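Below you'll find the structure, written out as structure tokens, and then a few comments.
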Amino acid sequence: MTGKHRENYNKNYLEYVKSHEPRTKHFKNCAAAFGVGGLICSIGQFLRYMLEFAGLTGDVLAGTVSVILIFLGCLLTGLGVYDRIGRYAGAGSIVPITGFANSVASPAIEFKTEGWIYGMAAKMFTVAGAIIVFGVFSGALVGLVYYFV
């Protein structure tokens, strides 16, 4: 096949592929991501207002809201709800703190049949990375030390 025929063949093939690929719905995807991400952040702000009304202030308030959102992200991941939210919202469900909780909890739940150490503990590091898991555990440890000292 000569160079000109090959170029024409490649052009025809690319046109064929483009004609059969599904159309992306950019506006719908962006609106869903914006709506769900905004809803998650609004829930966090609502929790902040309620806890502030209950008397929490400063770092205790911020930490409590973060812990509640992480807990909700892990709970919804365990129930299989967060995966459906992620399929609908895309990046809107990944960017808030609940998305990071999902990325840690999801592989741990998936590989729990392999055991506590080689399954859950080791697989937590695969998706979210060691930094997130290390940050959460070291933050909890420092918080406990600070609380008891």
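Quick caveat: nothing in here was measured; it's all calculated off a predicted structure. The residues of the chain are indexed from 1 along the displayed sequence.
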I'd like to check the ring-ring contact (aromatic ring centres under 6.0 Å, His included) partners of H20; sequence neighbours left out, ordered by chain and number. Y16
Under 3.5 Å, which donor-acceptor pairs do the side chains of residues 37-60 form with other protein atoms, sequence neighbours left out?
from	atom 1	to	atom 2	distance (Å)
S42	OG	G38	O	2.8

All N/O donor-acceptor pairs, side-chain side in residues 72-84, below 3.5 Å, sequence neighbours left out:
from	atom 1	to	atom 2	distance (Å)
T77	OG1	G73	O	2.7
T77	OG1	N102	ND2	2.8
Y82	OH	S93	O	2.5
Y82	OH	T98	OG1	2.8
Y82	OH	G99	N	3.2

Sort and list the pairs that fulfil side-chain hydrogen bond (donor to acceptor under 3.5 Å, both in side chains) and have at least one residue in residues 140-149, not counting sequence neighbours.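 Residue pairs with at least one partner in residues 140-149: there are none.
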Residue pairs, two or more places apart or on separate chains, that pass side-chain hydrogen bond (donor to acceptor under 3.5 Å, both in side chains) and touch residues 60-72: none
hydrophobic_cluster_shared for V67 and I70, side chain cutoff 4.5 Å: no
Output the distance between atom OH (Y88) and atom CG (N29), rounded to the nearest 0.5 Å. 9.5 Å
